[in-house]
Q: 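This structure is in C-alpha cells; I'll ask about it shortly.
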Amino acid sequence: MAELSADLGFCTLKNPVIPASGTFGYGEEFLPFFDLDLLGALILKGIFRKPRSGNPPPRLAETPAGVLNSIGLAGPGSEKLQEIIRRLHAKTRTPIIVNVCGEDDREFEEVAEIFSAMAEVAMLELNISCPNIKKGGACPAQDAGHTSRLVRRVKKVVRKPLIVKLSPNTADIVGVARAAEGAGADAISLVNTFLGLAVDLEKRKPVFANTLAGLSGPAIKPLALKLVWEVCRQVRIPVIGMGGITSGRDVLDYILVGAAAVQIGTVNFCEPGAAVRIIGEIEAEMDKLQIKNLSEIRGKLQA
Amino acid sequence: MAELSADLGFCTLKNPVIPASGTFGYGEEFLPFFDLDLLGALILKGIFRKPRSGNPPPRLAETPAGVLNSIGLAGPGSEKLQEIIRRLHAKTRTPIIVNVCGEDDREFEEVAEIFSAMAEVAMLELNISCPNIKKGGACPAQDAGHTSRLVRRVKKVVRKPLIVKLSPNTADIVGVARAAEGAGADAISLVNTFLGLAVDLEKRKPVFANTLAGLSGPAIKPLALKLVWEVCRQVRIPVIGMGGITSGRDVLDYILVGAAAVQIGTVNFCEPGAAVRIIGEIEAEMDKLQIKNLSEIRGKLQA
Amino acid sequence: MSLHLTKGLFTAPAKHGIMRGMQDERGLIVEARSLDGDCRLLKIAVPQIAAQAKPGNFVMVRVSPSLDPILRRPFGILQSEPPHIWLYFQVRGRGTQLLGSLRAADSLDILGPLGNAFPELAGKKILLIAGGRGIVPLFHYAKAYAAQRQLLLLYGGRSAAELHLLEEIKAMPFEKTVIFSEDGSIGKKGLLTAGLEKLIAEQRPQATLSCGPEAMLARLVRMLKPGKTENYASLEALMGCGFGVCHSCVVLAADGSYRKVCDEGPVFPLEGIQWPN
Amino acid sequence: MSLHLTKGLFTAPAKHGIMRGMQDERGLIVEARSLDGDCRLLKIAVPQIAAQAKPGNFVMVRVSPSLDPILRRPFGILQSEPPHIWLYFQVRGRGTQLLGSLRAADSLDILGPLGNAFPELAGKKILLIAGGRGIVPLFHYAKAYAAQRQLLLLYGGRSAAELHLLEEIKAMPFEKTVIFSEDGSIGKKGLLTAGLEKLIAEQRPQATLSCGPEAMLARLVRMLKPGKTENYASLEALMGCGFGVCHSCVVLAADGSYRKVCDEGPVFPLEGIQWPN
Ligand SMILES: Cc1cc2nc3c(=O)[nH]c(=O)nc-3n(C[C@H](O)[C@H](O)[C@H](O)COP(=O)(O)OP(=O)(O)OC[C@H]3O[C@@H](n4cnc5c(N)ncnc54)[C@H](O)[C@@H]3O)c2cc1C
Ligand SMILES: Cc1cc2nc3c(=O)[nH]c(=O)nc-3n(C[C@H](O)[C@H](O)[C@H](O)COP(=O)(O)OP(=O)(O)OC[C@H]3O[C@@H](n4cnc5c(N)ncnc54)[C@H](O)[C@@H]3O)c2cc1C
Ligand SMILES: Cc1cc2nc3c(=O)[nH]c(=O)nc-3n(C[C@H](O)[C@H](O)[C@H](O)COP(=O)(O)O)c2cc1C
Ligand SMILES: Cc1cc2nc3c(=O)[nH]c(=O)nc-3n(C[C@H](O)[C@H](O)[C@H](O)COP(=O)(O)O)c2cc1C
Ligand code: FES
Ligand code: FES
C-alpha cells in the first residue's frame, strides 16, 4: 500500500490533494459529499478585509474543457470569515488554509495579520495573482519587484507558513518565484488562471464586464505543468502545483515535475466528490507503478 | 445572402477561412474531401531550405480539447516543395501561401527569396514562432528586436505580401507585433502554439524528446482570442487570427475582435472536411444575425 | 451592498434541510421520449434523489462522460415518483443536444436534489403561471399538492408545438386551466399575461407561483398588485456548480445584493428581484 | 536522411488509388457485441467505405461528438461485407471506452478506407501471423483471399479470454491453423513465435503477413530468414489524422528515414523497419 503523505518541509500533509481557493466555497458545502478529514488540506475562497459583492453576472463561461471566470472575489469579508472558520474547524481536523486577497499591499497585510492570529488557521496563501480585480487583469505577481516587496511586508506580520500564489500571466514566472522565495515565502503555489477572452456575438461585447477573465480547467493542464516544472527546478522551497487536474494520474504528473502537493480547482464544480476519487486513484496508480511514496518520484523527471 | 469576402488590404480573399500551416499537409491530401477552390487561401506545411526528417516519435500527444505537437517541421526541402506547388497550382486557383522557416535569419531570407520568385505563390507567411526547432521552444518572435531585424531583412528580398506569424510565448506580443509592422510586414498572423509539457509517468521522462511541445486546438481558443484582440487594437496592418477554431461562430468571434481573416489548424486533423463546413456555418450565422459582410463586424467589439 | 440575508424578504433557504440530502447519483434512463418542438422527456431511476425531491428543486446533470462540455447542466424536476424522476427539456445548445441523444439504458451522473423549494402555502388558493418549459417545477408542485390545495394554472408558450403535457394537466384537479399560445395554434392567442388580470379578478388567488422567461416574470411583477397575492418565482441562471460554491449564478436582488440562484433560490419572492424594464 | 522513397524496398504506396476513395462517412452501428477480455465487436453500416475497403486498410473513428477526446482513433477493418464493416477492438484508454459503450442504432463518423493494403501475393502460399488484436487485418485478408490462396494461420495471445473469432476461423479454409496462448489456457502454451520455425519448415510458405505487438514483430524479423519468405507487417503508431497530413505517425525505416504509418503504411516490408532489439 502506497504511502500518500506529502512533505511541505514546514509540515506534512496526509496526502497531496488540496481543493483550490474559489472552487471549494467555505468547505462546509462539501460535507454532504465526503468527510473533510480525508483531504490533505483545504483552502477557502479568497477573502478581503471588507465584504465584496463581486462582479455583475455573467461570471462564468464554459470553454472547451475549461471555464473562464470573472467572479471578482465576492465574499463576506474578514470578520464573517473568522466565524465561518471557527465553525468549520469544529467539524474537521484537516489543515485550513486562508486565501488572502487585497486591493493594495496594505489590505494584503491587514488580512494576513488577521488570519495569522487565528489558531484554527494552519497556513496562509497569498493570492497576488487574481486576474479579476484590476481591469486588464493586472496583479502583483506579474512583477518580481512588487512580489518581493509585498511578500516581505506580509512576512513581517504573520506567524504562519506563507504560501505565495503565482500568476501564469507574466513573462518570467521563474523570476517572480525567485523573488517570492527571496522575500521569505515558505512555499509557492501555481498557477492561478490564465487571462482569456470570450465575446458575445449578438451583443458585440465581451461576455464579461471586465472584458478579460481567468481560464482554468483541464484545457490548461499542459501549460500549467510546464510552468510548475520550470519553477520547481529554480526554487528550493516547496511548490504546490495546479491547473486542470482531474485524475490521480494528473496529480502524479505534477509530483513528477517537482510539486510537493497539488490543488484541484474546476473539477470540484463538475464533480463534487472529485477530491476523494482522486485520492483513491493516486493510491491505486502508485500501487500499479510500484511507487511506495511520493518522494520517490517527486522532481524525478529526466529532462 | 451574406457576403463572405475578407479584405486583407493588399488583396481580397473570397472568404476568411485559411487552413493553417502544418495542419493541411501540402493541400493535395484534401482533394478527396472538397474542392480547394472553396477556400479563402491555403497555407502549406512549413518549409526549410533543405529536407528535414523532423523529431523522433512520439510527435503528438492528445490533451483535453487540444493536442501537443513536436513534429519538428519534417519536410522535403525547398526544391521539392516547388514541384509540389506547381502541381497544386494546376489544380486550384485558391491563393497558395508558403510558410517560410529557418534555423537562422539567413535561412529565412533564402527560403523567402526562393518562394517569392514563384508565380504560383500568392503570399509568404514567415514562421518566426515555431516552438519545436530550438530546445526550450525559443524562437525569433519572442523578441521585438529580433523580429524587427529579421522582417526587415526578409522584406528586402521578397516581392510578395509578407505575413509574419507571431508566438504567444512572449510577455509582450503587442510589442513584437508592432516591431513586425514597423519593419514592413504586410500582415500579421497569430497565434502559433503555446508551450506546454506532457510527461510519461512510467518512464519518468517527458513525452517528447524536445521536452516542451506546442499546444493547439479548442483548448487555447480563449487565450488566443485575447491575444488577437490585443494585437488588432495596436497595429494598422491586417491581422489573421487563429487558435482553436472549430465552427463558424468561432470565426466570427475572431472577426469581431478585429481579425481580417482566420486560419484553422487542429480541426483539420479530426475532421478533414472542417474548412468547408465552417465556411457554410459562417454564412448561415451571418444570415441569422443579419450581418451583410465581414467589415460590418470586424473589430466592432465594444470593450 | 451587503451579503447578509435581508430577513423577511427572503424566506430562509431550506438549504440546510435539503442540501444535506444531496447526492451525486448514477442515474439510469428508463424511458426517453421525443416531443414536438425539439423537446424531450426523460424518466430516470435515481432512488436517493427521487426520495428527497421537493417541488421547486432541480438537478445538475452531467451530459457527457468527457471533459467537454465540462460543466453540468441544470434542469428542474418535472415529477418525482421514487425511484424515478422525470426531466422535461428543450434542446438548445450542445449540452441539451447531448442529453437529448441519450436513450433508455444509458446512464448518467445526476446531482440533486438542489435548491430551495416552493413554499408549501398550505390551505391557500394558488395560481401557477408557467411560460414554456417553466411548466417544469410548477407541474411538480401541482402533482404533489393538487389534492390538498386549490390550484389554478395559466400556461402559455409560443405555439402548440411547444406546449406539452396537456393530457397530464387535464387529468389533474386544477380548479381552472387557461392556455395561451403566441400564434393562437392552441388555447387563446397572445402572451399568457393577457389572461392574468381576468383570472385573478375571477378567481382571487392568495398566492402566485411562476416560472418562465425573464421577460414574462418582469411583466408579472409589474402587473401583480403588491400585497394582494404572495408571489414567488423560480429563476434560471447560468450555473457552474449548482450547490453554492462557484458564485456564478447570481441575480441582483431588490436590496442591491447578489443572490445565488442555486442555493438561495431558485425560488425567490417575485418582488425580491430587480427585473429589467 | 532523406524522405524520398527508397525504390524497391518499399512497395509504392497504393495511396493514389485508395486514398482518392476515402470518405468521412456517417456510420450506423447495427450490431455491438461485448467479448471476453474487454473486447468489442461492432458491425457498422458505412456503404461507401465498405465498398472500397481492401485487406490491410484501416479507418479513423470519431469516438465522441464532443471536443474531448479531440482526435479520432485508428482501427483495422476486420471484415468488409458491403454495406457493412466490422471492427474488433480492445478497450484500453478513454477513446476505446467511449467507443465500447456505443450500441446498436448509435451513429458515429468514420474516415476511410485508409492506408495501403497487404500485397495480394496471388498464387503464393502465405503464412498469416497474428498476435492478439493483430488478427484484425489478417482476418480481413483471409476472408478476402482464402478461396484463391493457400493460407496458414499462426495466432497467439495472452489467454483464451483474449483470443476470439475462433469459430469463424475454424470455418475458413486455412491449410493449417496453430493457436498459442501465453498461459496455456487454449492451444499450445507460450509465445506464438515458439511455433514459427516448425510451421515454416513443415509448410514452406513463400510469404508471411504479420500484425501484432512490436515485440512480436521484432522477434519475427530476427527469426525469419531473409530471402526465404517475402515478409510484410502491418504496423501501429499514434495517429493524429490518419491521412498523411500531421506527420505524427512516423516509424524509423531501415534506411534511416521516417515513414508515415498512415499513408506509406500501415503495411511495410518487415525488414524495411528498424525494430528494437
Ligand atoms: C434552475 C434551473 C432549472 C432549469 N430547468 C430547466 C428545465 O426543466 N427544462 C429546460 O429545458 N431547461 C431548464 N433550464 C435551462 C437549461 O439549464 C439550459 O437550457 C441548458 O443548460 C442549456 O444548455 P446547452 O448546453 O444546451 O446550451 P448552451 O450551449 O450552454 O447555451 C445555449 C443557450 O442556452 C442558454 N443557457 C445556457 N445555460 C443556461 C442556464 N443555466 N439557464 C438558462 N439558460 C441557459 C444560453 O444562454 C444559450 O442561449 C434550467 C435552468 C436552471 C438554472
Ligand atoms: C493502423 C492501426 C490499426 C489499429 N487497429 C486496431 C484494431 O483493429 N483493434 C484494436 O483494438 N486496436 C487497434 N489499434 C490500436 C488502437 O488505435 C488503440 O488501442 C486506440 O487508439 C487506443 O485509444 P484509447 O483512447 O482507448 O487509448 P489512449 O487513452 O489514447 O491510450 C491507451 C493506450 O493505448 C495506446 N495507444 C493509443 N493510441 C494508440 C495507437 N494509435 N496505436 C497503438 N496504441 C495506441 C497508448 O499508448 C496507451 O498505452 C490500431 C492502431 C493503428 C495505428
Ligand atoms: C470560479 C473560480 C474562482 C476562483 N477563485 C479564486 C480565489 O478566490 N483565490 C485564488 O487564489 N484562486 C482562485 N481561483 C483559481 C483556482 O484556485 C486555481 O488556481 C485555478 O482554477 C487553476 O486550477 P484548476 O485548473 O484545477 O481549476 C478560482 C478559480 C475559479 C474557476
Ligand atoms: C501538428 C502541427 C504542425 C504545425 N506545423 C506548423 C508549421 O509548419 N508552421 C506554422 O507556422 N505553424 C504550424 N503549426 C501551428 C498551426 O499553424 C496553428 O498556428 C496552431 O495549430 C493554432 O491553431 P489551431 O488551434 O486551430 O490548431 C502546427 C500545428 C500543429 C498542431
Ligand atoms: S451555480 Fe455555483 S454557486 Fe450557484
Ligand atoms: S497520422 Fe497524421 S500523418 Fe499519419
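Order of the sequence lines fixes the chain letters, A, B, ..., with proteins taken first and strands second; residue numbering starts at 1 for each chain.
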Q: With only heavy atoms counted, which part of C/Arg94 is less than 4.5 Å from chain A, the side chain, the backbone, both or neither?
A: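 Contact with chain A: none, neither part.
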
Q: Return the minimal non-hydrogen interatomic distance between C/Phe243 and A/Asn268, and the atom names on each side.
A: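 Result for this residue pair: CZ-O, 3.6 Å.
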
Q: Does CZ belonging to A/Arg93 count more than 12 external heavy atoms closer than 6.0 Å?
A: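 12 or below, so no.
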
Q: Can you tell which part of A/Lys45 gets under 4.5 Å to a heavy atom of chain C, answering side chain, backbone, both or neither?
A: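 When you check distances to chain C, only side chain atoms of A/Lys45 fall under 4.5 Å.
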
Q: Measure the CZ-CG distance between A/Phe34 and C/Asp24 for me, rounded to the nearest 0.5 Å.
A: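 Taking CZ in A/Phe34 and CG in C/Asp24, the distance rounds to 11.5 Å.
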
Q: If you count the non-hydrogen atoms of other residues, nucleotides and ligands that lie under 6.0 Å from CD in A/Glu285, is the total more than 12?
A: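 Yes, enclosed.
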
Q: If every non-hydrogen atom of A/Gly25 is compared with every non-hydrogen atom of C/Val245, which pair is closest and at what distance?
A: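 Scanning both residues completely, I find the closest heavy atoms to be N-CB, 3.8 Å.
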
Q: Between C/Tyr258 and A/Pro56, what is the shortest heavy-atom contact and its length?
A: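 Between these two residues, the closest heavy atoms are OH-CA, 3.1 Å.
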
Q: If every non-hydrogen atom of A/Glu29 is compared with every non-hydrogen atom of C/Gly244, which pair is closest and at what distance?
A: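 Taking every non-hydrogen atom into account, OE2-O, 4.0 Å.
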
Q: Which answer fits A/Ser70, side chain, backbone, both or neither, if we ask what part of it has an atom under 4.5 Å from a heavy atom of chain C?
A: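 Answer is neither: A/Ser70 stays 4.5 Å or more from chain C.
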
Q: For C/Arg158, does the CZ atom sit with more than 12 other heavy atoms under 6.0 Å from it, leaving out its own atoms?
A: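 Not more than 12 within 6.0 Å, no.
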
Q: Distance-only, no hydrogens or angles: does the A/Glu62 side chain make a donor-acceptor pair with backbone N or O of C/Pro69 under 3.5 Å?
A: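 Between the backbone of C/Pro69 and the side chain of A/Glu62 there is no qualifying donor-acceptor contact (under 3.5 Å).
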
Q: Between A/Pro272 and C/Arg72, what is the shortest heavy-atom contact and its length?
A: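 Minimum heavy-atom contact is CD-NH2, 4.3 Å.
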
Q: Between A/Phe33 and chain C, which part of the residue has a heavy atom less than 4.5 Å away: side chain, backbone, both or neither?
A: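 For A/Phe33, the contact with chain C is made by the side chain alone.
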
Q: What heavy-atom pair brings A/Cys270 and C/Ile70 nearest, and what distance separates the two atoms?
A: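 So the minimum-distance heavy-atom pair works out to CB-O, 3.1 Å.
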
Q: Could you measure the distance from the CG atom of C/Leu238 to the CZ atom of A/Arg59? Nearest 0.5 Å is fine.
A: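 These two atoms lie 12.5 Å from each other.
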
Q: Output the distance between atom CG (A/Asn55) and atom NE2 (C/His247), rounded to the nearest 0.5 Å.
A: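 Nearest 0.5 Å value for the CG-NE2 distance: 13.0 Å.
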
